[in-house]
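Report on one structure; see the data block that follows.
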2 protein chains.
Amino acid sequence: MTTPHLSPLAHPERDEITVEGVLRALADPVRLAIVRQLASAGTEVSCGGLDVPVTKSTLTHHLGILRQAGVTSGRQEGTTRFNSLRRNDLDELFPGLLDGVLAARR
Amino acid sequence: MTTPHLSPLAHPERDEITVEGVLRALADPVRLAIVRQLASAGTEVSCGGLDVPVTKSTLTHHLGILRQAGVTSGRQEGTTRFNSLRRNDLDELFPGLLDGVLAARR
DNA sequence: CGTCAATTTCGAGGAACGTCGTACTATGGA
DNA sequence: TCCATAGTACGACGTTCCTCGAAATTGACG
């Protein structure tokens, strides 16, 4: 019983990202706020550095959805996990989608 | 009197369209199929002209969601209702979003 | 080693969603 | 007028989703 923990940082390959998955991931106010903060930051952001009106466990849930959809990627460093936008992949697959979302005033 | 007891085709104004509402509307396989068919058609399409794997009542439900989100508009003519994409409004509000979605191979 | 801080996992409650069948309205034609 | 056609309204059912708290994990530091 040596804890066969599955890797919590399973990202989809670029080819595995689907537009429907991305849209579902973005179609939530909390996750949209996360994406906006990651985009405006331009760099990696730790979970604690995100300003969202939910508890930490809920935040973990949302970050998992964004990661599984291919919207973000996570890098572990010590006890903190750094998240970043997969801008290159998204722009390549769905050119204009992310820009359009981020350009929205409402 | 103009409209007796019907609130048939209530569309949001352009200013009332939100990116979250649009994303929620697009984040469903049936509605995405509808949007793709409307886009490829380039013109108005009646409900019966849409090829989706759901019953008519479900189709009505999806068209209502797309309309309320501001993604499509509907025009009544006799007993048939013609639906079309609000491409201009969407491109103005969220430039690139729709193109990115439609460009998706998956 | 013991403790703290950052984050995840688990389980559960409640709300929202997609789907359908049936009944209904409204229009157009025989 | 009667009937077929196009689409909608309503109610119900099962599933998915968001949320939380409590417990567990992991690594850093004294």
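Lettering follows sequence order; numbering is per chain, from 1.
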Tabulate below the donor-acceptor pairs under 3.5 Å that side-chain atoms of residues 88-97 of chain A make, not counting sequence neighbours, or state none.
residue, atom, partner, partner atom, Å
Asp89(A), OD1, Arg14(A), NE, 2.6
Asp89(A), OD1, Arg14(A), NH2, 2.8
Asp89(A), OD2, Arg86(A), NE, 3.1
Asp89(A), OD2, Arg86(A), NH2, 2.9

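- Counting heavy atoms from C-beta on, the side chains of Asp28(A) and Leu23(B) never come closer than 4.5 Å.
- Not counting sequence neighbours, the partners of Glu77(A) by the side chain to side chain donor-acceptor pair (under 3.5 Å) test are Arg75(A).
- In this structure, the CZ atom of Arg81(A) is 16 Å from the P atom of dT25(D), given to the nearest Å.
- Rounding to whole angstrom units, CG of residue Asn83(B) and P of dT8(D) are separated by 8 Å.
- Near DNA chain D, defined here as any heavy-atom distance below 4.0 Å, there are no residues from residues 33-42 of chain A.
- Considering only heavy atoms from C-beta on, Thr18(A) stays 4.5 Å or farther from Val22(A) through its side chain.
- If you take CZ of Phe82(B) and C1' of dA6(D), they are 11 Å apart, rounded to a whole angstrom.
- Set against dA6(C), dC17(C), dG7(D), the side chain of Arg24(B) has dC17(C) as its closest nucleotide.
- The stretch residues 50-58 of chain B comes close to DNA chain C through Val54(B), Thr55(B), Ser57(B), Thr58(B), each having a heavy atom under 4.0 Å from the strand.
- By the side chain to side chain contact (heavy atoms under 4.5 Å, CB included) test, Glu16(A) pairs with Pro12(A), Glu13(A), sequence neighbours left out.
- The nearest whole Å value for the distance from the CD atom in Gln76(B) to the C1' atom in dG7(D) is 8 Å.
- Minimum atom distance to the side chain of Asp28(A) is reached by dC18(D), of the listed dT8(D), dA6(C), dC18(D).
- Rounded to whole Å, atom P of dT8(D) lies 12 Å from atom CG of Leu66(B).
- For Thr79(A), the side chain to side chain donor-acceptor pair (under 3.5 Å) criterion is met by no residue, not counting sequence neighbours.
- An OP1 or OP2 oxygen of dT19(D) is reached within less than 4.0 angstrom by a side-chain nitrogen or oxygen of His62(A).
- Between the CG atom of Leu63(B) and the P atom of dA6(D) there is a distance of 15 Å, rounded to whole Å.
- When each of Ala27(A) and Leu59(B) is assigned the nucleotide of DNA chain D bearing its nearest heavy atom, the one mapping closer to the 5' terminus is Leu59(B).
- Between the CZ atom of Arg67(B) and the P atom of dG7(D) there is a distance of 12 Å, rounded to whole Å.
- Although no hydrogens or angles enter the test, the distance criterion places a donor-acceptor pair under 3.5 Å between the side chain of Arg106(A) and the main chain of Asp15(B).
- Among the nucleotides dG27(D), dG18(C), dA6(D), the one closest to the side chain of Arg31(B) is dG18(C).
- A salt bridge links Arg87(A) to Asp99(A): at least one charged side-chain nitrogen sits closer than 4.0 Å to a carboxylate oxygen.
- With sequence neighbours excluded, the residues that form a side chain to side chain contact (heavy atoms under 4.5 Å, CB included) with Thr80(A) are Phe82(A).
- Backbone-only engagement by Ile65(A) is indicated by non-hydrogen atom pairs under 4.0 Å involving sugar-phosphate atoms exclusively.
- One end of the helix from dC1(C)-dG30(D) to dA30(C)-dT1(D) points its axis 10° away from the other end's axis, with each axis taken from 5 pairs and the angle rounded to 10°.
- Side-chain contact between Leu59(A) and Leu50(A) is present, with at least one heavy-atom pair separated by less than 4.5 Å.
- Across all strands, Thr60(A) comes closer than 4.0 Å to base atoms (heavy-atom distances).
- Residue His61(A) is classed as a base contact, given a heavy-atom separation below 4.0 Å to a base.
- The side-chain hydrogen bond (donor to acceptor under 3.5 Å, both in side chains) analysis of residues 53-64 of chain B, with sequence neighbours excluded, yields the pairs Arg31(B)-His62(B), Thr55(B)-Ser57(B), Thr55(B)-Thr58(B).
- Scored by the side chain to side chain donor-acceptor pair (under 3.5 Å) test, Ser46(B) finds no partners at all (sequence neighbours excluded).
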